[in-house]
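Encoded as structure tokens, the structure appears first; notes follow it.
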Amino acid sequence: MREISPKAEIDPRAKIGNNCKIFPFVYIEGDVVIDDNCIIFPFVSILNGTRMGSRNKVHQGSVIGALPQDFEFRGEKSECIIGDNNIIRENVVINRATHRGGQTVIGNDNVLMEGAHISHDTKVGNQCVFGYGTKIAGDCEISDLVVFSSSVVANAKTRVGHGAMVQAGCTFSKDVPPYIVCTRRGEYGGVNNIVGRQHGTDEKVLKHIANAYRLVFHGNTSVFDAVNQIKEQVPDSPEIRNIVKFIEDTKLGIITKM
């Protein structure tokens, strides 16, 4: 069973799953797939290229699959992939990808608060929180369990590592490594122990993470040498390997120390 308002404008080619509730004044284009048990509130637009999983809630005024705000866009067919169990609050905009075959991806169990914007070709993991008015530019990579406070701006092609938190009002143009707090000034503000403890990270591992970042941000060596010191001096764990790989893979560099 589906509960679809006759006042919603839905292209007959759109595929709507079971037990979905679609309120009045929703606009859904033809090249759209919405899985089961989704709730779409009034004045939402879901545009071509959107592939939405199950149990999502999309609130008033949001636009999903919006055309990319990219000067390279030439009208090519691309996608906006939304996973399961996401809460998308009022006036959120998520753009589809720029080029043919490209994807903007939002994972599972994320919360996007009012006015958040996820731009073209950005990849978001699972269980992230995007605070009020947070803007994520194109081609960014956001790992799992990332928390953005309100009015954060992530510039193009930046990456944010697993379990990081970015404080309110921060604008950053370099990568934010995993498990840390990024301050309002875009600087290293310590280890994000709160998220670590909430998700069962051992206290010894949290200390090892802090020691690793002490070498990176407070040592008197280059980042390259600090990574080698981490490999040599810090006990191995999946978290430490994740830190090392993230830093080694950076193209834009990482944020600085306070």
Side-chain angles (χ1 to χ4, degrees), residues 1-69 73 75-98 100-136 140 142 144-150:
M1 294 291 293
R2 294 178 296 180
E3 186 178 345
I4 300 177
S5 170
K7 295 182 179 180
E9 184 174 343
I10 302 176
D11 190 300
R13 297 172 295 172
K15 298 178 181 179
I16 311 295
N18 295 322
N19 299 316
C20 288
K21 185 172 183 179
I22 299 179
F23 281 79
F25 312 117
V26 169
Y27 174 73
I28 300 177
E29 293 187 330
D31 184 21
V32 169
V33 177
I34 299 175
D35 210 339
D36 300 340
N37 301 301
C38 290
I39 300 175
I40 314 297
F41 288 97
F43 303 105
V44 169
S45 295
I46 302 179
L47 307 182
N48 287 330
T50 299
R51 308 287 182 263
M52 184 178 293
S54 60
R55 298 178 300 280
N56 293 289
K57 294 182 180 180
V58 186
H59 288 254
Q60 288 90 332
S62 292
V63 183
I64 312 300
L67 296 181
Q69 297 182 43
F73 180 60
E76 299 171 57
K77 187 175 182 179
S78 62
E79 292 183 325
C80 175
I81 309 296
I82 310 292
D84 303 328
N85 299 309
N86 295 287
I87 297 174
I88 300 173
R89 293 302 305 261
E90 294 82 0
N91 304 312
V92 168
V93 176
I94 304 174
N95 297 109
R96 64 181 172 94
T98 297
R100 181 176 299 276
Q103 294 180 334
T104 301
V105 179
I106 309 294
N108 305 319
D109 302 297
N110 298 290
V111 177
L112 288 77
M113 295 186 183
E114 187 272 328
H117 184 180
I118 310 295
S119 295
H120 64 88
D121 298 283
T122 284
K123 307 295 190 292
V124 175
N126 305 312
Q127 295 181 266
C128 297
V129 176
F130 295 81
Y132 298 104
T134 288
K135 310 297 181 183
I136 309 297
C140 292
I142 313 298
D144 297 345
L145 300 174
V146 171
V147 177
F148 294 99
S149 297
S150 60

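Please read all numbers here as calculations on a predicted model, not as lab measurements.
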Pairwise distance [atom1]([X]) to [atom2]([Y]) - rounded to 0.5 angstrom:
| X | Y | atom1 | atom2 | value |
| --- | --- | --- | --- | --- |
| Glu79 | Thr50 | CD | OG1 | 9.0 Å |
| Ser45 | Ile64 | OG | CD1 | 9.5 Å |
| Asn108 | Ile82 | CG | CD1 | 10.5 Å |
| Cys80 | Leu67 | SG | CG | 11.5 Å |
| Ile136 | Ile94 | CD1 | CD1 | 11.5 Å |
| Phe43 | Glu90 | CZ | CD | 13.0 Å |

Minimum heavy-atom separation for [X] to [Y], with atom names?
| X | Y | value |
| --- | --- | --- |
| Phe148 | Val146 | CE1-CG1, 3.5 Å |
| Gly53 | Cys38 | O-SG, 3.1 Å |
| Gly131 | Ala116 | O-CB, 4.4 Å |
| Arg96 | His120 | O-CB, 3.3 Å |
| Val63 | Ala66 | CG1-CB, 3.7 Å |
| Leu47 | Val32 | O-CG2, 3.3 Å |

Kindly list each side-chain donor-acceptor pair under 3.5 angstrom involving residues 12-28, sequence neighbours excluded, with atom names and distances?
from	atom 1	to	atom 2	distance (Å)
Arg13	NE	Asp11	OD1	3.0
Arg13	NH2	Asp11	OD2	3.0
Tyr27	OH	Glu29	OE2	3.1

Exercise. Quick one: are Val129 and Met113 in side-chain contact, heavy atoms under 4.5 Å?
Worked result: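 Yes, side chains in contact.
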Exercise. Looking at side-chain heavy atoms only, is the closest gap between Gln103 and Arg51 below 4.5 Å?
Worked result: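 A side-chain contact under 4.5 Å is absent here.
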Are any side-chain N or O atoms of [X] and backbone N or O atoms of [Y], one a donor and one an acceptor, separated by less than 3.5 Å?
| X | Y | answer |
| --- | --- | --- |
| Lys135 | Ser119 | no |
| Asn48 | Asp31 | yes |
| Thr104 | Asn95 | yes |
| Asp121 | Gly102 | no |
| Asp36 | Ser54 | no |

Exercise. Yes or no on side chain to side chain contact (heavy atoms under 4.5 Å, CB included) for Ile40 and Met52, after CA distance, side-chain angles and deciding distance?
Worked result: CA-CA 11 Å; Ile40 314 297; Met52 184 178 293; 4.3 Å; yes
For this session: Apply the test side chain to side chain contact (heavy atoms under 4.5 Å, CB included) to residues Asn91 and Glu114: give CA-CA distance (whole Å), side-chain angles for both, the deciding distance (0.1 Å), then the verdict.
Result: CA-CA 6 Å; Asn91 304 312; Glu114 187 272 328; 3.6 Å; yes
Exercise. Applying side-chain hydrogen bond (donor to acceptor under 3.5 Å, both in side chains), which residue pairs with at least one partner in residues 56-68 are found, sequence neighbours left out?
Worked result: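 Counting only pairs at least two positions apart or across chains, the side-chain hydrogen bond (donor to acceptor under 3.5 Å, both in side chains) contacts touching residues 56-68 are Asn56-Asn86.
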For this session: Carefully, step by step, assess Val92 and Phe130 under the rule side chain to side chain contact (heavy atoms under 4.5 Å, CB included).
Result: CA-CA 10 Å; Val92 168; Phe130 295 81; over 6 Å; no
Problem set entry | side-chain contact (heavy atoms from CB on, under 4.5 Å) involving Arg55 - partner list, sequence neighbours excluded |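 For Arg55, the residues satisfying side-chain contact (heavy atoms from CB on, under 4.5 Å) (neighbours in sequence not counted) are Asn37, Asp84, Asn85.
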Problem set entry | Member of Ile106, Val105, Leu112 meeting the side-chain contact (heavy atoms from CB on, under 4.5 Å) criterion with Val124 |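 Per the side-chain contact (heavy atoms from CB on, under 4.5 Å) rule, the option paired with Val124 is Ile106, out of Ile106, Val105, Leu112.
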